[in-house]
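Order of the sequence lines sets the chain letters (A, B, ...), proteins ahead of strands, with each chain counted from 1.
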Protein chains: 2
Amino acid sequence: MAIDHLDGRIIVLLAEEPRIGVLEMSRRLGVARGTVQARLDRLQSNGVIRGFGPQVDPAALGYPVTAFATLQIRQGQGADVRAYLTTVPEVLELLTTTGSGDMLCRLVARSNADLQRVIDRVVGFDGIVRASTAIVMENPVPLRIIPLVEQAAGAEPP
Amino acid sequence: MAIDHLDGRIIVLLAEEPRIGVLEMSRRLGVARGTVQARLDRLQSNGVIRGFGPQVDPAALGYPVTAFATLQIRQGQGADVRAYLTTVPEVLELLTTTGSGDMLCRLVARSNADLQRVIDRVVGFDGIVRASTAIVMENPVPLRIIPLVEQAAGAEPP
DNA sequence: CGTACCACTGGGCAAGTTGCCCAGCGATGA
DNA sequence: TCATCGCTGGGCAACTTGCCCAGTGGTACG
């Protein structure tokens, strides 16, 4: 659960050069190969590293428009709404948040015009009372984890 | 830019079993190794596949609380705010959206109490006028891309 | 109608990596 | 004092990678 400095360096190295192998990592970190292997196994079984899935860019796939929709759900319809939204490919993420029984929904679309279609499809579902949408214009800080890893790795040792 | 069926299957396969190699993929897909290699290279240089960085779970790192903060920025301070928030490790993502000159900010914290510290640190910056925060309770649809990939891969061929 | 060009196949090669094993060592804790 | 744990450093066979090649079918263009 707690991460030490070596774990941190492994994760950072892996993030910078994902194609790197265990052997090369051990060389760069100055430790034995078995050590890196053991650490990696531990990090994965701990759930710290969930996997190494490919990071796909929706924009390159033809979906350059991202938006966030805040949904207001009819009482008791939460489960139905989740199940429905799971079936919509353009829904990339769905979160329930504090506030008036709300959900936050990350959407993509082929264009601003297409976004209308996606939103209609989302809010067309019966259990959704109201939706307000914000279109993403810029992404100054793309989803990242490294700074947090470094903090988690560096803060503990002392 | 456009993805065909084989590209889609490669991405899906890669997402399901990231440790798989090119040779094993070619066997499962029933194509020559060189073909898979060429497709992968193309997908990466196209930017469709950005990389294979490790997916780290903030919760396993000791940051189980996620929240979204909507920030209202003082006129003309946008760039300063971005630069500042980039330095805060708990800020995992920052987006500018339509609406009253707003930014949306994804945060994590060690606990609800710790979230207060993080928020103070975020909104303590001068260029931020107001912030409203929503704590994430559940994550019914974790960030995903496969359904979209399948749609992009399956819709074109006909 | 012929000719390039392109993507794919199927094969072959050396070099490197992986997964697995082992013995030894130093620090930690009972 | 002894057992445990994590790390080291080494060795091994099996596999994969990166790279090369010639041949083939389809498509676009002259």
Side-chain angles (χ1 to χ4, degrees), chain A residues 1-57 60-62 149-158, chain B residues 1-57 60-62 149-158:
Chain A
M1 186 110 190
I3 260 189
D4 77 358
H5 195 64
L6 182 56
D7 291 321
R9 290 207 294 160
I10 289 177
I11 293 176
V12 171
L13 200 51
L14 224 33
E16 284 167 353
E17 302 184 47
R19 320 208 117 219
I20 205 174
V22 180
L23 184 59
E24 179 62 22
M25 286 180 86
S26 71
R27 279 196 281 254
R28 301 217 195 157
L29 297 173
V31 297
R33 179 166 65 111
T35 306
V36 176
Q37 238 153 6
R39 295 298 190 111
L40 260 184
D41 288 347
R42 195 171 57 77
L43 287 173
Q44 292 201 62
S45 60
N46 272 353
V48 174
I49 296 181
R50 274 208 216 107
F52 298 88
Q55 294 157 347
V56 178
D57 183 5
L61 254 150
V149 169
E150 282 169 346
Q151 171 166 297
E156 308 288 359
Chain B
M1 187 109 189
I3 261 189
D4 76 359
H5 195 65
L6 182 56
D7 292 321
R9 290 207 295 160
I10 289 176
I11 294 176
V12 171
L13 200 52
L14 224 35
E16 285 167 353
E17 301 184 47
R19 320 207 116 218
I20 206 174
V22 180
L23 184 59
E24 180 61 21
M25 286 180 84
S26 70
R27 279 195 281 254
R28 300 217 197 159
L29 297 174
V31 297
R33 179 164 66 111
T35 306
V36 176
Q37 239 153 5
R39 294 299 189 110
L40 260 183
D41 289 347
R42 193 170 59 76
L43 285 173
Q44 290 200 64
S45 59
N46 272 354
V48 173
I49 296 181
R50 275 209 215 107
F52 298 88
Q55 294 158 348
V56 178
D57 182 4
L61 257 157
V149 168
E150 282 169 346
Q151 171 166 299
E156 309 286 0

Separation of [N] [atom2] from [X] [atom1] (nearest whole Å):
X      : N       : atom1 : atom2 : result
L6(A)  : dG6(D)  : CG    : P     : 13 Å
Q44(B) : dG18(D) : CD    : P     : 11 Å
L40(A) : dG6(D)  : CG    : C1'   : 16 Å
R9(B)  : dC8(C)  : CZ    : P     : 13 Å
I10(B) : dA7(C)  : CD1   : P     : 14 Å
D41(A) : dG6(D)  : CG    : C1'   : 14 Å
L43(B) : dA7(C)  : CG    : P     : 13 Å
R19(A) : dT18(C) : CZ    : C1'   : 17 Å

Selected nucleotide, minimal atom distance to [X] side chain, candidates [options]:
X      : options                  : value
L23(A) : dT18(C), dT9(C), dT8(D)  : dT18(C)
A32(B) : dT9(C), dG18(D), dT8(D)  : dT9(C)
V31(A) : dT8(D), dT9(C), dT18(C)  : dT8(D)
V22(A) : dT18(C), dT8(D), dG10(C) : dT18(C)

* Asked: Under 3.5 Å, side chain of N46(B) to main-chain N/O of V48(B), donor-acceptor pair present?
  ->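 Not at all, since once roles are kept as given, no pair shorter than 3.5 Å links the two residues.
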* Are the side chain of D41(B) and the backbone N or O of A38(B) linked by a donor-acceptor pair below 3.5 Å? ->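 Absent.
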* Got a second to check how far D4(A)'s CG is from D7(A)'s CG, nearest 0.5 Å? ->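 With rounding to 0.5 Å, CG (D4(A)) is 4.0 Å from CG (D7(A)).
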* **Spacing of CG belonging to L40(B) relative to CG belonging to L14(B), to within rounding of 0.5 Å** =>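 Interatomic distance, L40(B) CG to L14(B) CG, rounded to 0.5 Å: 6.0 Å.
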* **Within-4.5 Å side-chain heavy-atom neighbours: I49(B) and Q55(A)** =>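 Not in contact.
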* Asked: When we call it a touch if two heavy atoms are under 4.0 Å apart, what does R27(A) touch: a base, just sugar-phosphate, or nothing?
  ->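 Sugar-phosphate only.
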Is there a side-chain polar atom (N or O) of [X] under 4.0 Å from OP1 or OP2 of [N]?
X      : N       : answer
Q37(B) : dT17(D) : no
T35(A) : dG6(D)  : no
R39(A) : dG6(D)  : no

* Asked: Any N or O donor-acceptor pair linking the side chain of R33(B) to the base of dG11(C) at under 3.5 Å?
  ->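 Side chain to base: no pair present.
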